[in-house]
Amino acid sequence: MKKMSLRARVLAGGVAAAALSAGTFGAMSATAAPAAAPARAADASGHHLRTTSHLTVDAATRAAQAALKAAEKDNQRVTVAVVDRNGTPLVTLRGDGAGPQSYESAIRKGFTAVSWNAPTSELVKRLQSAPNLKDIPGTLFLGGGAPVAADGAPIAGIGVAGAPSGDLDEKYAQAGVASLGH
């Protein structure tokens, strides 16, 4: 067997290392077949899509401020929450002196209103015929929640909590809705 020169051994070692790297890291040699064309995305146009409306953060902030101002005008200490269609808070304003329970209550009232596209005072009445409604997680069947709709579909909910009655809370939530031009 013929001995390899140092130069040939280094070159052979380099080729072996490159081959090992190509296998390990997925590199392709210059003579390999070209890669397959990328898969084409499915067409999701036409009847496969639905356009929805969402309340902007700016609009949600204006609505929350309007509701809070209405409550402050009556010397009420409340928390106002504006939630999106899924019940996720967009804006929450806790007024000066609002009770600690009002924060979560406002969010849950807003969620309840948007979920059924109805003021929560109306939904309280439905509990008489369907008492299990109150068992749905995240809901709160007390007056103080008002839905925000676009083209008849609910897009947000405004919940207010902390006033001495649900009627007052709902009055302030409705002031928030009214500020949006609905």
Side-chain angles (χ1 to χ4, degrees), residues 41 44-182:
S45 62
H47 68 278
H48 298 292
L49 298 178
R50 181 176 306 247
T51 302
T52 61
S53 298
H54 299 275
L55 201 59
T56 65
V57 171
D58 182 54
T61 301
R62 283 185 285 124
Q65 289 171 333
L68 188 59
K69 282 182 184 176
E72 288 172 344
K73 187 175 179 181
D74 288 347
N75 293 316
Q76 297 301 319
R77 298 174 180 147
V78 301
T79 297
V80 179
V82 181
V83 301
D84 68 11
R85 176 66 183 103
N86 298 316
T88 303
L90 293 169
V91 175
T92 305
L93 298 177
R94 187 171 175 267
D96 294 335
Q101 77 288 356
S102 65
Y103 182 84
E104 183 178 343
S105 296
I107 292 170
R108 291 175 59 193
K109 288 179 182 184
F111 172 70
T112 305
V114 73
S115 295
W116 279 275
N117 196 23
T120 53
S121 60
E122 286 181 25
L123 298 171
V124 169
K125 297 171 190 169
R126 293 185 194 175
L127 287 177
Q128 294 171 359
S129 61
N132 292 2
L133 283 178
K134 70 181 181 325
D135 297 333
I136 297 172
T139 59
L140 185 58
F141 289 87
L142 297 174
V148 177
D151 298 324
I155 61 168
I158 301 175
V160 177
S165 75
D167 291 341
L168 284 174
D169 285 339
E170 198 160 306
K171 171 184 165 185
Y172 308 136
Q174 292 292 353
V177 173
S179 75
L180 298 171
H182 286 87

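Position 1 is the first residue of the sequence, and the numbers go up from there.
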[atom1] of [X] to [atom2] of [Y]: how many Å apart, nearest 0.5 Å?
X    : Y    : atom1 : atom2 : answer
T56  : L180 : OG1   : CG    : 8.5 Å
L123 : S121 : CG    : OG    : 7.5 Å
L68  : T61  : CG    : OG1   : 12.0 Å

I'd like to know if the side chain of T52 pairs up with that of H54 as donor and acceptor (distance under 3.5 Å, no hydrogens or angles considered). yes

So the side chain to side chain donor-acceptor pair (under 3.5 Å) pairs with at least one residue in residues 124-153 (sequence neighbours excluded) are none

Q. Any side-chain heavy atom of T79 within less than 4.5 Å of one from L93?
A. no

With a 4.5 Å heavy-atom cut-off, do V80 and I158 have their side chains touching?
yes

In short, salt bridge (charged side-chain N to carboxylate O under 4.0 Å, His left out) pairs touching residues 51-60 with sequence neighbours left out are D58-R62

Quick note, salt bridge (charged side-chain N to carboxylate O under 4.0 Å, His left out) partners involving residues 73-94, not counting sequence neighbours, are D74-K171

Start with the C-alpha gap between V160 and E170, add the side-chain angles, then the distance that decides, and say whether side chain to side chain contact (heavy atoms under 4.5 Å, CB included) holds.
CA-CA 7 Å; V160 177; E170 198 160 306; over 6 Å; no

Which is it for F141 and W116 under the ring pair (Phe, Tyr, Trp, His ring centres under 6.0 Å) test, yes or no, and what are the steps along the way?
CA-CA 11 Å; F141 289 87; W116 279 275; 5.5 Å; yes

| said: Under a 3.5 Å distance rule, please check whether S102 uses its side chain to pair with a backbone N or O of A98 as donor and acceptor. | reply: no

